[in-house]
Amino acid sequence: MVKEGGKHKKSASRDLIRLALSLIILFLLNYVGSFVFHRFDLTSEERYTLSPQSKSIAENIQGTAFFKVYLEGSKLPAGLVRLRDETKEMLDEFRAYSGGKIQYEFVDPSANPNPDERQAFYKQLYKQGLSPVDLQVQESSGNSELMIFPGAILSYRGRDIAMQILQNQGNQDPMATINYSIEELEYDIDNAIHKLSIDFKPKVAFIQGQGELDSVQVASATKALGEYYNIRSIMINHHSGSLLDSGGVVRYAAIVIAKPDSAFIEEDKLAIDQYIMHGGKVLWLIDPLYTPIDSLIANGNTMAFPNDLNLEDMLFQYGVRLNNNLVMDYQCSSLPVNTALRGEQPQWQLAQWFYEPLIAPTGNSPIVKNLNLVEFNIASTLDTIAVKGIKKTILLATSKYTKLESSPARISTVITQFHLTEDLFKKSFQPVAVLLEGKFTSLYKGRIPYPYNSPKYYFSSQSKPTAMIVVSDGDVIRNETAYNGRVAMPLGQDKYTQQTYNNKDFIINCMNYLCGDSNLLSVRGRELQIRLLDDKKVKLQKTQWQVINLVIPVLLIIILGLVWAAARKAKYAK
């Protein structure tokens with residue numbers, strides 16, 4: 001008995017020593033862990049790991065950045081609940097790397113039971129820049145409408161900015177929209193913080209003087225670009241002083257040439273050429289064809305003629321040729337057509353409008369990666385030219401089913417009455433936007449420019465490393481208008497289908513890239529694999545998996561119980 005008592009005492013002492021050692025080790029690990037920060041992500045694509053750019057933004061937060069997220073409510077559909085949870089997890093990651101400087105709160109915008117106060121709150125959110133979404137919610141008493149504001153307001157450095165979390169992507173189904181929104185979360189948060197962190201905005205100029213789009217037609221683009229850049233509208237006025245200062249330094253980080261309709265004179269071309277030679281960046285948005293739209297609206301038909309802008313030699317020198325052809329694409333937007341017989345009440349129905357192609361991104365350039373469709377209107381194709389030292393990257397191309405018509409070409413709404421099939425569209429993946437990078441050679445090298453003897457020109461025949469983007473459709477930056485052209489609609493929104501395409505994001509990405517903000521674009525280029533259940537398999541195998549999930553755990557418990565009982569019986573039978 002004494003020996004057994006001694007054994008118990010030794011065993012108890014060992015247990016106490018082990019417990020004490022475990023506590024000491026745990027304490028030391030926590031102490032060391034307080035100085036060493038690391039987060040573990042076991043997903044294959046590291047979906048919960050922030051990019052180096054995001055970590056840098058989070059670590060350099062000055063003060064407190066507070067996100068008030070309006071994606072909350074007991075009636076949210078399952079997809080939005082998933083988006084809410086993913087948003088919370090992403091904000092948790094940012095908060096961890098910011099050292100607690102990033103904080104957030106989730107708010108239900110419909111929580112107020114007073115309808116008048118609730119409506120006033122809705123109006124306040126709308127004025128702050130959040131877009132509402134109406135949902136049909138199924139309840140036991142029937143269907144009801146629910147208005148949500150799937151976005152957030154970021155307050156940082158004394159300013160507020162709206163951040164839309166739910167990204168509506170054209171014709172995508174709801175699940176694809178949720179997945180795209182989840183992929184964009186990190187970029188959206190980065191972008192919102194970046195906008196409020198800008199102390200100095202580079203200057204970007206819209207060139208005027210050759211019939212370019214007016215201020216209302218580019219209002220949506222200038223408003224979006226204005227969050228990053230100081231936007232100006234300038235006339236070249238036949239001399240380079242508008243683009244270069246007295247020392248030959250560029251005045252603007254980039255210039256935009258948006259859908260000119262008249263020819264450039266040589267003096268203006270020289271000014272643009274020398275701006276490029278001194279390191280300036282250009283976003284060319286050019287219509288190779290001139291198409292009177294008024295005739296199409298009034299008569300249902302028009303003609304597309306070559307648009308003589310006197311830019312062919314210049315663009316050719318830089319490495320691209322715009323073709324005088326007309327793109328027809330089976331992947332296109334729609335146009336309302338009256339299907340009623342003559343004399344009957346008009347009956348409007350949407351029909352395919354092949355002259356308004358929906359263009360998909362091409363390749364892995366950060367400018368277009370993870371972008372959805374971009375809407376073009378009466379576009380042409382372009383070809384790249386072999387120029388030494390110039391890197392060319394195709395950004396946008398037509399779909400697999402494309403048809404090209406030579407100019408002059410007739411455009412008529414009558415085509416909507418015919419059921420054209422895909423086999424008639426035999427051209428595929430025709431380029432319509434290209435990025436050119438490198439050292440460009442001046443168009444005027446070896447020539448005596450007209451005003452060469454003027455001191456305002458600092459002539460250079462070879463450019464510094466620079467870049468330009470050429471798009472063979474000027475309408476890609478043009479927003480629709482309402483109220484007789486006085487009010488601008490959001491860029492990318494189709495006034496007939498009400499779908500919103502990625503025109504605005506494309507323009508912003510182009511300018512971000514040209515102006516050196518490519519780090520922010522690399523975050524957008526990340527792809528997350530959203531693993532979803534196959535709905536068809538779920539329906540077919542629903543009962544099978546329900547039985548497996550209910551029966552197998554019970555059987556395992558019973559088997560383990562029998563094994564344990566048999567083991568105990570064998571042990572004590574000895």
Item to check | Residues which pass salt bridge (charged side-chain N to carboxylate O under 4.0 Å, His left out) with Glu72, listed by chain and number, not counting sequence neighbours | outcome: Arg84
Next on the checklist: Taking side-chain contact (heavy atoms from CB on, under 4.5 Å) as the definition, give me every residue that meets it alongside Pro336, ordered by chain and number, with sequence neighbours left out.
Outcome noted: Trp348, Leu350, Tyr496
Checklist entry - With sequence neighbours excluded, what pairs up with Lys88 under the salt bridge (charged side-chain N to carboxylate O under 4.0 Å, His left out) test? => result Asp92
Checklist entry - Excluding sequence neighbours, so at least two apart, what forms salt bridge (charged side-chain N to carboxylate O under 4.0 Å, His left out) with Lys195? => result Glu227
Checklist entry - Are any non-hydrogen side-chain atoms of Leu130 and Ile153 less than 4.5 angstrom apart? => result yes
Checklist entry - Which residues satisfy the ring pair (Phe, Tyr, Trp, His ring centres under 6.0 Å) test with Phe94, sequence neighbours excluded? => result none
Next on the checklist: I need the minimum non-hydrogen distance between Ile367 and Asn509, along with the two atoms involved.
Outcome noted: O-ND2, 2.9 Å
Checklist entry - Regarding Thr177 and Gln167, is there a side-chain donor-to-acceptor distance under 3.5 Å anywhere? => result no
Checklist entry - Who pairs with Lys68 by salt bridge (charged side-chain N to carboxylate O under 4.0 Å, His left out), at least two apart in sequence or on another chain? => result none
Next on the checklist: Suppose we screen for side-chain contact (heavy atoms from CB on, under 4.5 Å). Which residues come up paired with Ser380, at least two apart in sequence or across chains?
Outcome noted: Pro288, Leu289, Asn325
Next on the checklist: Is there a side-chain contact between Val250 and Tyr275 in this structure, where contact means two heavy atoms from C-beta onward sitting under 4.5 Å apart?
Outcome noted: yes
Next on the checklist: Once side-chain contact (heavy atoms from CB on, under 4.5 Å) is applied, do any residues pair with Glu480, and if so which ones, sequence neighbours excluded?
Outcome noted: Arg478, Met489, Lys495
Item to check | Of all pairs that satisfy side chain to side chain donor-acceptor pair (under 3.5 Å), the ones with a partner from residues 156-165, not counting sequence neighbours | outcome: Ser155-Asp160, Arg157-Asp199
Checklist entry - Of all residues at least two apart in sequence or in a different chain, which pass the side-chain contact (heavy atoms from CB on, under 4.5 Å) check with Glu117? => result Asn112, Asn114
Checklist entry - Does NZ or CZ of Lys201 come closer than 6.0 Å to the centre of the six-membered ring of Tyr229, within 45° of the ring's axis? => result no
Next on the checklist: Under the ring pair (Phe, Tyr, Trp, His ring centres under 6.0 Å) definition, can you give me all pairs with a residue in residues 102-131, not counting sequence neighbours?
Outcome noted: Tyr70-Phe121, Tyr104-Phe106, Tyr122-Phe149
Checklist entry - Is there any side chain to side chain donor-acceptor pair (under 3.5 Å) pair reaching into residues 214-226, and which pairs are they, with sequence neighbours excluded? => result none
